[in-house]
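Keep in mind the model is a prediction, meaning the values are calculated, not measured. Numbered from 1 within each chain, the chains take letters A, B, ... in sequence-line order.
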There are 2 protein chains.
Amino acid sequence: MTQSTETTSYKDIKQTVLGRIRSGEWRPDTLLPNEEDLAVEFSCTRTTVNRALRELAEEGFLERRRKAGTRVSSAPQRQARFTIPLVRDEVEAMGGTYRYALVSALAETAPEWLAARLALTPGQRVVHVRCMHYSDNTPFQFEDRWIVIDSVPQVEQADFSAIGPNEWLVQTVPFTNVELSFLASRADATLAGFLDVTEGEPVFTAERITWLQGQPVTLAKMYFAAGYRMTTRL
Amino acid sequence: MTQSTETTSYKDIKQTVLGRIRSGEWRPDTLLPNEEDLAVEFSCTRTTVNRALRELAEEGFLERRRKAGTRVSSAPQRQARFTIPLVRDEVEAMGGTYRYALVSALAETAPEWLAARLALTPGQRVVHVRCMHYSDNTPFQFEDRWIVIDSVPQVEQADFSAIGPNEWLVQTVPFTNVELSFLASRADATLAGFLDVTEGEPVFTAERITWLQGQPVTLAKMYFAAGYRMTTRL
DNA sequence: AAGAACCTAAAGTCTACACATATTGAGCGC
DNA sequence: GCGCTCAATATGTGTAGACTTTAGGTTCTT
């Protein structure tokens, strides 16, 4: 059969299966027919069914185990995907004009908390970069970043007055591991000044630690302006 | 060729390609060979290469466009996946003992802000449930939830003293759409009491709105105890 | 020079089949 | 009745080949 006449694509199957879950026809924990039977039902091959079910499982709607079969996830939507765009893209997507400003960039000995956090040897040196990201000249994000010099020697020559440290790093060093956290922190006097909020105000914060083959590369703390929400639709 | 002797699986290809990206051999924006050539290089079929590249693209490492080819993403890791377990699972995963406590459950007319937020008609009624989740009897999360009665009529008969509203809803109503936000809010007097923090302290907050075929079902605000971090590794 | 129409390369998808692997549940021995 | 072994089964993955769709380039036209 040619596909144009009667496309039974994996997307159609996904839609149909999702529909049955959402309508309640297939409740949580329901065991659904095996791939072969579904292939007959949708009059396509098992491969196509497999792809549909695999993706639905990846998205958290189904749980699959060999021999045990496929069943509707009882705790659906356990995984949420957040898109974390570059600040510039995020600002521009909201229709704002993006502006970057370097606050300071200094080489220094890693403070104790940082050395402990990144498992640095005492006395290891880092470049500490602080900068601001503005949307239409209102504060959008304050970025506080430390870059381990031993892992990225070129950083001592980098000029962060023109390019943000994030973009510079992305272009310069590869990485193998990332840890990303979201938390709520409170604005100290400095932060309050940069973000134009009252001292003590809650500030949505993202922390990102990056490694290259086990070597810590950078820790970034990103403080967002008041009212910021990280939102996603599922 | 039998697979057992020389498995060139899509996972191997993913690893190899990832390695080349991470090592810097394929820098951001590099155009990589087309699927057919890669299939030759890895001595497997294009299907297998396709799956590897497709998944890497889904994970944000590659960008693919028909005819234009596949290139290394210039802004890598644009997508992060967070696992959002049920509170009970999260507490138990940390080795704590989970305890649930109902604070209040009342049917009422939707307050104006809620009606606006969920696009309710004025005067529509909701059940307002407030409850606490404890880990080893220390506050873990305060949950403030509104359930639209017109969308879930059974809610008026539900007994939330034994089962949490989240688990009850998951078992009872399907849903079609979810919006999830993370933000930082400040503890008011009530919240401070429940979470055992000082008034005005920053509180990491998750908000979840659920719809069923365009009908708003529930809005939940989940306030986490001091120091909470939502973390993921990539 | 600007724009429209066409060609074609590359990814996207489907079919059909085969072998791999995990795990359940039945049968067996003790 | 309990535990072990083993076969049946459902999903997982790979091969081979074909057709489809998109969009970058080129060429042709105005």
Side-chain angles (χ1 to χ4, degrees), chain A residues 1-18 20-21 26 28-74 79, chain B residues 1-18 20-21 26 28-74 76 78-79:
Chain A
M1 169 182 33
T2 71
Q3 291 169 222
S4 52
T5 58
E6 188 101 13
T7 32
T8 313
S9 93
Y10 76 99
K11 285 181 184 171
D12 298 336
I13 299 177
K14 280 180 75 174
Q15 275 312 110
T16 306
V17 172
L18 252 187
R20 290 187 191 169
I21 294 173
W26 285 345
D29 264 1
T30 304
L31 184 69
L32 41 100
N34 69 33
E35 296 187 345
E36 241 167 282
D37 294 348
L38 286 173
V40 172
E41 187 193 327
F42 292 112
S43 56
C44 65
T45 56
R46 196 170 74 86
T47 316
T48 305
V49 173
N50 181 279
R51 177 159 183 194
L53 296 189
R54 178 168 24 96
E55 292 197 358
L56 285 171
E58 245 165 50
E59 289 160 28
F61 294 102
L62 300 176
E63 281 171 11
R64 322 191 72 197
R65 265 167 46 235
R66 280 182 184 171
K67 167 72 182 175
T70 302
R71 51 184 65 235
V72 178
S73 183
S74 49
Q79 296 209 322
Chain B
M1 170 183 29
T2 72
Q3 292 170 224
S4 52
T5 59
E6 189 101 13
T7 31
T8 313
S9 94
Y10 75 99
K11 285 182 182 170
D12 299 335
I13 299 177
K14 279 180 76 173
Q15 274 314 109
T16 306
V17 171
L18 252 187
R20 290 187 191 170
I21 294 173
W26 285 345
D29 265 1
T30 305
L31 183 68
L32 42 99
N34 70 32
E35 295 187 345
E36 239 168 283
D37 293 348
L38 285 174
V40 172
E41 186 194 326
F42 293 113
S43 55
C44 66
T45 56
R46 195 170 75 87
T47 315
T48 305
V49 172
N50 180 278
R51 177 158 182 194
L53 297 190
R54 179 172 17 100
E55 292 196 359
L56 285 172
E58 244 166 50
E59 290 160 27
F61 294 101
L62 300 176
E63 280 172 14
R64 322 192 72 196
R65 266 168 40 238
R66 282 182 182 170
K67 168 72 181 175
T70 302
R71 53 185 64 234
V72 178
S73 182
S74 49
R78 296 159 47 236
Q79 295 209 322

Whether [X] contacts [N] is assessed here as follows: a side-chain N or O lying under 4.0 Å from the phosphate OP1 or OP2. Is that the case?
X	N	value
B/Thr70	C/dA10	no
B/Thr47	D/dG17	no
A/Arg46	D/dT11	no
A/Tyr10	C/dT13	yes

Would you mind reading off the distance between [X] atom [atom1] and [N] atom [atom2], rounded to a whole angstrom?
X	N	atom1	atom2	value
B/Leu38	C/dA10	CG	P	12 Å
B/Glu55	D/dG12	CD	P	12 Å
B/Glu58	C/dG12	CD	C1'	13 Å
A/Asn34	D/dA8	CG	C1'	13 Å

Could you list the residues that satisfy side chain to side chain contact (heavy atoms under 4.5 Å, CB included) with [X], not counting sequence neighbours?
X	value
B/Glu36	B/Asn34, B/Arg46
A/Ala57	A/Leu62, A/Arg64
B/Thr16	B/Arg20, B/Phe42
A/Thr45	A/Thr47, A/Thr48

Worksheet entry | Partner set under salt bridge (charged side-chain N to carboxylate O under 4.0 Å, His left out) for A/Arg51, not counting sequence neighbours |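 Expected list: A/Glu55.
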Atom pairs, N/O to N/O, protein against nucleotides 23-25 of chain D, distance under 3.5 Å?
{"unit_1": "D/dG24", "atom_1": "OP1", "unit_2": "B/Arg65", "atom_2": "NH2", "d": "2.9"}

